[in-house]
Protein chains: 2
Amino acid sequence: MKSLKISEAVVRRLPIYLRFLNELNMRNVQTVSSQDLGQKLELNPAQIRKDLAYFGEFGKKGIGYDVVYLIEKIRQILKLDQHINVALVGAGNLGRALSNYNAYLRDNMKIVAVFDAVPDKIGARINNLAVQPMSELIETIHRLKVRIGIITVPAGEAQNVADEFVKAGVEAILNFAPVIIKVPNEVRVHHADFTTELQSLAYYLD
Amino acid sequence: MKSLKISEAVVRRLPIYLRFLNELNMRNVQTVSSQDLGQKLELNPAQIRKDLAYFGEFGKKGIGYDVVYLIEKIRQILKLDQHINVALVGAGNLGRALSNYNAYLRDNMKIVAVFDAVPDKIGARINNLAVQPMSELIETIHRLKVRIGIITVPAGEAQNVADEFVKAGVEAILNFAPVIIKVPNEVRVHHADFTTELQSLAYYLD
DNA sequence: TAGATTGTTAATCGATTAACAATC
DNA sequence: TAGATTGTTAATCGATTAACAATC
């Protein structure tokens, strides 16, 4: 049953569930129903139950889901119960902004290295990390066991950076550059491009 | 036929087509087929033809699509042929990063005002704009005819900012805060949350 | 017990893809 | 003309939602 292929849509909702569950937990809420979750997250309760049921039977009939237990389970599913080291290339404003989110990610995922190709930026401190030159990327990624790479360089350099990440053995890449990057099948890429986001938003203006 | 409901998936692909078409145009490519586009963008050619066909007959059988003409058409569809003013609340690193993308957006969408609730930040210059206090938000948005609002404040403040935007009559909101904000039906919200993006990426690690 | 809510099956809905006549 | 490629219909695939027996 673990081998069942889970759709990307399901995986994308899990972090959203998790975030709200954490909020409930901080408010000392013990239990939550798919009804409650659906209302708050604007999702269909049946969908939430089905999403969770792909991974196990986490709820109790007549009661709902234990908040603490469900948090634990979703964290396991998303592999957030282990430390995951992340490296970032592109020490601009965006790179800086992302680095500062470290605190939010609660020590599970952590940006442990920052690189940039521009000589002027080498050595600058970003969130307690010294910006390193690209020449140190592969060695550093091996040494720190970095598994995820974040790209925050201009579009023209994104593919090169992706290639370096792949060479270094990174397993997944989050690309903020407004360009589609090509990587081998075994590397997972997500695109987080706010320009396309803004442009599609414009469509909905009157 | 213009009244046909276009799915969100289609609208999200249009900016991606546009971006690549602009690239082709800069390389002086005259014509492109759905085949070419599909290969480069990793999409099914039939899907691309169908997406475009929702809005008109933009191609020529046996030839493909005229790059310049298709750019023009997609820009019209996305309303990028008109000036759209954007306001941003949250003058942190992320807000600063987004403001700097103005150049990229080529004068169509333009961030014309930046606000922050923190007194220390008022008056600071971000990309030639003085950060304004929240008390000036509604007046400024009216005066500058701002139609889109961007939220780059911490999660706890995002809903308040959204409420202010709605009061000011903004038509659409792009929310970067890791929380789901509620707005009236007539206001469109897109969520661009990189923490959930990173967390779902973790799922695909081995 | 009665009420609530899960897990899951079946029904529905919507999106993607294949196929091909039309035609440049 | 022959080859290429569109626009579009039909087929397929997948995701969402409704419904409900099981059960806390």
Side-chain angles (χ1 to χ4, degrees), chain A residues 1-17 20-21 24 29-74 77 180 200 203, chain B residues 1-17 20-21 24 29-74 77 180 200 203:
Chain A
M1 32 206 73
K2 237 296 164 169
S3 61
L4 178 68
K5 172 94 168 58
I6 305 293
S7 90
E8 197 176 315
V10 174
V11 175
R12 283 181 178 283
R13 283 191 291 268
L14 294 178
I16 296 172
Y17 301 157
F20 182 55
L21 289 164
L24 289 176
V29 177
Q30 309 287 311
T31 269
V32 68
S33 68
S34 58
Q35 189 73 232
D36 299 340
L37 280 166
Q39 189 144 30
K40 186 67 178 184
L41 303 178
E42 298 179 330
L43 295 170
N44 184 299
Q47 183 173 60
I48 295 174
R49 292 199 300 279
K50 202 162 199 277
D51 283 353
L52 297 173
Y54 283 118
F55 303 99
E57 305 197 357
F58 302 145
K60 288 214 196 337
K61 292 184 173 69
I63 308 289
Y65 299 89
D66 182 274
V67 171
V68 169
Y69 180 70
L70 190 52
I71 286 174
E72 189 189 319
K73 283 301 174 184
I74 295 182
I77 295 164
I180 290 178
S200 66
Y203 174 81
Chain B
M1 31 204 73
K2 239 295 165 167
S3 62
L4 180 66
K5 174 94 169 57
I6 306 294
S7 91
E8 195 174 319
V10 173
V11 176
R12 283 183 177 281
R13 283 190 292 268
L14 294 178
I16 296 171
Y17 301 157
F20 182 56
L21 289 165
L24 290 176
V29 177
Q30 309 287 311
T31 270
V32 68
S33 69
S34 59
Q35 189 73 232
D36 299 340
L37 279 167
Q39 190 143 30
K40 186 67 178 186
L41 303 178
E42 298 179 331
L43 295 170
N44 184 298
Q47 182 173 61
I48 295 174
R49 293 200 299 280
K50 201 160 199 278
D51 283 354
L52 297 174
Y54 283 119
F55 303 100
E57 304 197 358
F58 302 145
K60 286 214 197 336
K61 291 183 173 72
I63 309 287
Y65 299 89
D66 182 275
V67 171
V68 169
Y69 181 69
L70 190 53
I71 287 173
E72 188 189 319
K73 283 301 174 184
I74 296 182
I77 294 163
I180 290 178
S200 65
Y203 174 82

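These figures come from a predicted structure and were not determined experimentally. Order of the sequence lines sets the chain letters (A, B, ...), proteins ahead of strands, with each chain counted from 1.
One distance of note links CG of A:L37 with CZ of A:R49; it measures 11.0 Å at 0.5 Å rounding. Expressed to the nearest 0.5 Å, how far NZ of B:K40 lies from CD1 of B:I16 amounts to 13.5 Å. Taking CD1 of A:I74 as the start and OH of A:Y69 as the end, the distance is 11.5 Å to the nearest 0.5 Å.
When the P atom of C:dG7 is taken as reference, atom CD of A:Q35 falls 15 Å away, rounded to whole Å. What separates CG of B:D66 from P of D:dT6 is a distance of 13 Å, to the nearest Å. The distance between atom CZ of B:F55 and atom P of D:dT8, rounded to the nearest whole Å, is 14 Å. Between A:E8 atom CD and D:dG14 atom C1' there is a gap of 13 Å when expressed in whole angstrom units. One atom, CD1 of B:I6, and another, P of C:dA15, lie 10 Å apart when rounded to the nearest Å. At whole-Å resolution of the value, CD1 in A:I48 and P in D:dT17 are 10 Å apart. B:K50 places its NZ atom 12 Å from the C1' atom of D:dA11, with the value rounded to the nearest Å. The separation between B:F58 atom CZ and D:dT8 atom P is 11 Å, rounded to whole Å.
Counting only Watson-Crick and G-U wobble pairs whose two distances sit under 3.5 Å, DNA chain C takes part in these stems of three or more pairs: C:3-24 with D:3-24.
Among the nucleotides C:dT16, D:dT17, D:dT5, the one closest to any side-chain atom of B:K61 is D:dT5. In this structure, the nucleotide among D:dG7, D:dC24, C:dA15 sitting nearest to the side chain of A:K60 is D:dC24.
For D:dC24, the OP1/OP2 oxygens have no side-chain nitrogen or oxygen of A:Y65 closer than 4.0 Å. Between A:R49 and the phosphate of D:dA18, there is no side-chain N or O to OP1/OP2 separation shorter than 4.0 Å. Checking the phosphate oxygens (OP1, OP2) of D:dT6, a side-chain nitrogen or oxygen of B:S34 falls inside 4.0 Å.
Across all non-hydrogen atoms, the minimal contact from A:S200 to B:P15 is N-CG, 3.9 Å. The two residues B:Y17 and B:L52 have their closest heavy-atom pair at CD1-CD2, 4.2 Å.
Positionally, the nearest nucleotide of DNA chain D for B:A53 lies more toward the 5' end than for the other of A:A46 and B:A53. The nearest heavy atom of DNA chain D to B:G59 and to A:A9 marks one nucleotide each, and the one closer to the 5' end goes with B:G59.
B:E8 CD: more than 12 foreign heavy atoms inside a 6.0 Å radius.
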Point to revise | Residue pair A:T31, A:Y65: steps toward the side-chain contact (heavy atoms from CB on, under 4.5 Å) verdict | key: CA-CA 5 Å; A:T31 269; A:Y65 299 89; over 6 Å; no

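Within the 4.0 angstrom heavy-atom criterion, base atoms lie near B:Q47.
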